[in-house]
Structure formats: structure tokens, C-alpha cells
Amino acid sequence: MESIIKHLMEITGHRDHDLLNISVISALSELTHAARARVLDILHVGDKVLVKAQITVDHGKVAVNEEHLVHLVPELPIEHFPSLFKGLGQQESVIEQLDEQGNRTIWLPIWMNEKVNVCLEIHNPAVYSENTKEVMSGILVVYRNFQNLLDYSERDSLTGLLNRKTFDDNFSKILRTSVQKQLSEEIDQPDVERRHNDKEKQHWLAVLDIDHFKRVNDTFGHLYGDEVLILVANLMRTSFRPSDKLFRFGGEEFVILLRSTGKDDAKMIFERFRENVARYPFPQVGTVTISIGFAHIDPFEPAVGIIGRADQALYFAKSNGRNRVCHYEDLVKAGDLHIEQSHDSVEFF
């Protein structure tokens, strides 16, 4: 009983999704004496559903799938897990599978608004009593409630995207994993290969703004303005990967943290999203366009400087025709933006 109370105290004391997931899967692993337990992300990418291990508890040892080791844990189509696939299709809360070798796997999907983004997996649990099942059920209820509370506090109430106050934590995680990735590459790769990878794969921060949004509100009213914001947010979800972070900063301004891709690919992704918005028939309003400015994320630089560069690129896009994507470093290289070094600060023009 003391162990259960301890785990419940840990679960209810977290304000971070990763720490919450570690606590609940550790509690279930200990409670069921499982050989292995995992937290699985259920990723919805277009029409595809992918499964990816986020956290693994193996014989009491916890391993978290850090971004710089992402290649070690591939995303698999849900069809690779036929019992899980069938159970989710039937909206089951407990899914069990017994293979030919007698190995038992239990999946506990976390249903929220008839959708599953997280599933708990227990492999080869010990035989347990009805009392243990009731305790497991109680832990899952607490877990689900706290997931809902975290989502409520972290998300914009109108669009459902992450809100402004969650940006710093997400940005810090990207910086941390970028530094870890660089350190691991310095150990594992020759200098030439490392420089090539550093140049090709980076993280990116984009600031985007809906063009002439005030005109939409003034002409059609705030209800239609809100609908435009909601639809743009929906287009963002379908245009970017589940690993990318999408924020509404306020009003018609949004921010995107794009993970681990080359500059050309980043620009192509942003251009594709811009085109998706421009082609979308917004009810009553008709055509809506967006402008985007983006800059690469230097892991050794504070967020304010990187946001400032992306903002400068956005301002250039808004001042030069709108409905376009501008990359800060390209604008500086072309001479369209200038940096003047003063004695005590860097000023942007």
C-alpha cells in the first residue's frame, strides 16, 4: 500500500507530460511485476497511424527516447500490432494478446474525446488478482485526469494549439537535445561527416501571421475571425509532423518549432503550408493568406534572439507583398536585411 501511495503522490505532483508518463508506467510495471512496460505514442499522420515507443521500463530501468537518439526507435505502422489495431478500432479500454510462446501483452489506451494519443503497454505481467486490477484501473483514472488537466493548462482554448506559456519549456527541450546530439556526434563521427550533418540537419523556429486579419474581423465580424483562426490551426496540424511543436502566441500570430531537417526541406515544408492556407476556401471569408519568417535554432543562443530573427524575416515578408515565406539568413546573405554591430548590443534593421 505504501508503494501505491508513493506512486500516486508522484503522479499527482507532476506538471510535465514526460515526468507524468514515467511515473505512471513505473507504477504499473512495479504493480504487475512486468518483464517490460512502455509508453507508446500513437501518432496520426494524415490517413496513417504510427506507433512509437516514448518511454521503456525494462527490469526496473527507465529509458526515455530522447530526440538525438530518435533513429534507434523507429515509428511503426499500427498494422504491425494487429491486436492493438483491432482493439482501438473497437474502442476497447483493455486489449490483451497471447502469442504462440505464451507471452502476454496488455495494452491500455488512454482515450480522450474518442481519440488515443498515448497507449500504455505491459509485457509479460505476473498473474494478478481482481484487487490488483482495481488498483490499476484507479491509477489510470488519476493518470487520465491529470493528462486532461495538463492539456487544459497548456493549450490555447480557441485553437487547441500549445499556448504561449508552454513555449519556454518546449524550446528548452529542443536546445537540450540539440546540445546532446552535437556532443554524441563529436564522439561518434569524424569531423568532416559531423560538419556535413550539422549543416544538413537543424532545428528551425518560424513566426507566422495571418495577412490582413483585422480586415477579416472588421468586414465579417469576430465570429468569422475566430473561425479563420481555428481553420488555420487545423491546417497546421495536417501540414506538420507530430514531433513539430505548434503554438498560438496570441491574436493572429503563431509559432512553429520545426525539428531536425535541412534548410531546403524546412523552406519546402513552410511553403507547402502557406500554399495549403492560400488554397483553402474559408467559409464566407473566401481566400486567406499567411506570411512566414523563419530562422535556424542555435542551441547556444537564447530564445529571444532567435525569435527576433524570425520576426525580422516575417516583417520583411509582410512589407514585401505578404503571402510569402522568408528565411532570415538568406535575407541577410542577399543584403535585404542588415545587422549593425554596436559596442554593447546587436541591433536589427
What residues form a ring-ring contact (aromatic ring centres under 6.0 Å, His included) with [X], not counting sequence neighbours?
X      : result
Phe254 : none
Tyr224 : none
Tyr315 : none
Phe249 : Phe167

When you compare the side chain of [Y] with that of [X], does any pair of heavy atoms fall below 4.5 Å?
X      : Y      : value
Val207 : Phe294 : no
Asn103 : Leu98  : no
Gln147 : Leu20  : yes
Val277 : Met236 : no
Ile307 : Val255 : no
Leu258 : His203 : no
Val39  : Val118 : yes
His296 : Glu329 : yes

Indicate if [X] and [Y] have the same hydrophobic cluster label, given that clusters are the connected sets of ILVMFWY residues with side-chain heavy-atom separations under 4.5 angstrom.
X      : Y      : result
Ile139 : Leu149 : no
Val64  : Tyr143 : yes
Leu76  : Leu40  : yes

Any salt bridge linking Arg38 with Asp58? Criterion: basic side-chain nitrogen under 4.0 Å from a carboxylate oxygen. no
Nearest heavy-atom pair of [X] and [Y]: which atoms, and what distance?
X      : Y      : answer
Trp204 : Thr261 : NE1-O, 2.9 Å
Arg324 : Cys326 : NE-SG, 3.6 Å
Gly225 : Val216 : CA-CG1, 4.1 Å
Thr287 : Ala278 : CG2-O, 3.8 Å
Ala206 : Ile292 : CB-CG2, 4.0 Å
Ile122 : Ala34  : CG2-CB, 3.5 Å

Atom pair [atom1] ([X]) and [atom2] ([Y]), whose distance is rounded to the nearest 0.5 Å:
X      : Y      : atom1 : atom2 : result
Thr32  : Glu30  : OG1   : CD    : 9.5 Å
Ile174 : Ile306 : CD1   : CD1   : 9.5 Å
Ile297 : Leu257 : CD1   : CG    : 5.0 Å
Ser93  : Leu108 : OG    : CG    : 8.0 Å
Asp264 : His327 : CG    : NE2   : 10.0 Å
His33  : Leu31  : NE2   : CG    : 7.0 Å

Between the side chains of Thr159 and Asp156, is a donor N or O closer than 3.5 angstrom to an acceptor N or O? yes
Side-chain donor-acceptor pair present, Asn163, Glu154, cut-off under 3.5 Å: no
Taking only residues two or more places apart in sequence, or in another chain, which ones meet [X] in a salt bridge (charged side-chain N to carboxylate O under 4.0 Å, His left out)?
X      : value
Arg36  : Glu121
Arg104 : Glu96
Asp265 : none
Asp311 : none

Using the rule given for side-chain contact (heavy atoms from CB on, under 4.5 Å), can you reason through Phe171 versus Lys245, listing the C-alpha separation, both sets of side-chain angles and the distance that settles it, and then say yes or no? CA-CA 9 Å; Phe171 190 79; Lys245 299 296 184 180; over 6 Å; no
Answer yes or no: is there a donor N or O on one side and an acceptor on the other, between the side chain of [X] and the main chain of [Y], under 3.5 Å?
X      : Y      : value
Ser26  : Ile22  : yes
Asp41  : Leu43  : no
Arg309 : Tyr328 : no
Ser153 : Leu150 : yes

With side-chain contact (heavy atoms from CB on, under 4.5 Å) as the criterion, how do Phe247 and Ile256 come out once you've worked through the C-alpha distance, each side chain's angles and the decisive distance to 0.1 Å? CA-CA 6 Å; Phe247 304 83; Ile256 301 162; over 6 Å; no
Please determine whether side-chain contact (heavy atoms from CB on, under 4.5 Å) holds for the pair Ile110 and Leu140, giving the CA-CA distance in whole Å, both sets of side-chain angles, and the decisive distance to 0.1 Å. CA-CA 8 Å; Ile110 307 302; Leu140 290 177; 4.1 Å; yes
Is it true that, when you exclude Glu114 itself, more than 12 heavy atoms of the residues, nucleotides or ligands shown sit nearer than 6.0 Å to its CD? no
Show every donor-acceptor pair shorter than 3.5 Å between a side-chain atom in residues 82-92 and any protein atom, with sequence neighbours excluded, or say none if there are none.
{"unit_1": "Ser83", "atom_1": "OG", "unit_2": "Gln97", "atom_2": "OE1", "d": "2.9"}

If a pair satisfies salt bridge (Lys or Arg N to Asp or Glu O under 4.0 Å) and one of its residues is in residues 213-231, list it, with sequence neighbours excluded.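 Listed by first then second residue: Lys214-Asp218.
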Worked check of side-chain contact (heavy atoms from CB on, under 4.5 Å) between Leu246 and Leu162: CA-CA 6 Å; Leu246 313 175; Leu162 293 169; over 6 Å; no
Qualifying residue for side chain to side chain donor-acceptor pair (under 3.5 Å) with Ser291, from Asn320, Asp209, Asp211: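 Of the listed options, the one satisfying the test is Asp211.
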Distance-only donor-acceptor pairs under 3.5 Å for side chains of residues 268-276, two or more places apart:
{"unit_1": "Glu271", "atom_1": "OE1", "unit_2": "Arg274", "atom_2": "NE", "d": "2.8"}
{"unit_1": "Glu271", "atom_1": "OE1", "unit_2": "Arg274", "atom_2": "NH2", "d": "3.0"}
{"unit_1": "Arg272", "atom_1": "NH2", "unit_2": "Ser239", "atom_2": "O", "d": "3.0"}
{"unit_1": "Arg274", "atom_1": "NH1", "unit_2": "Asn323", "atom_2": "O", "d": "3.4"}
{"unit_1": "Arg274", "atom_1": "NH1", "unit_2": "Asn323", "atom_2": "OD1", "d": "3.0"}
{"unit_1": "Asn276", "atom_1": "OD1", "unit_2": "Arg279", "atom_2": "NH2", "d": "2.9"}
{"unit_1": "Asn276", "atom_1": "ND2", "unit_2": "Ser239", "atom_2": "OG", "d": "3.1"}
{"unit_1": "Asn276", "atom_1": "ND2", "unit_2": "Arg272", "atom_2": "O", "d": "3.4"}

Arg241: what forms a side-chain hydrogen bond (donor to acceptor under 3.5 Å, both in side chains) with it, not counting sequence neighbours?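 side-chain hydrogen bond (donor to acceptor under 3.5 Å, both in side chains) list for Arg241, sorted by chain: Asp244.
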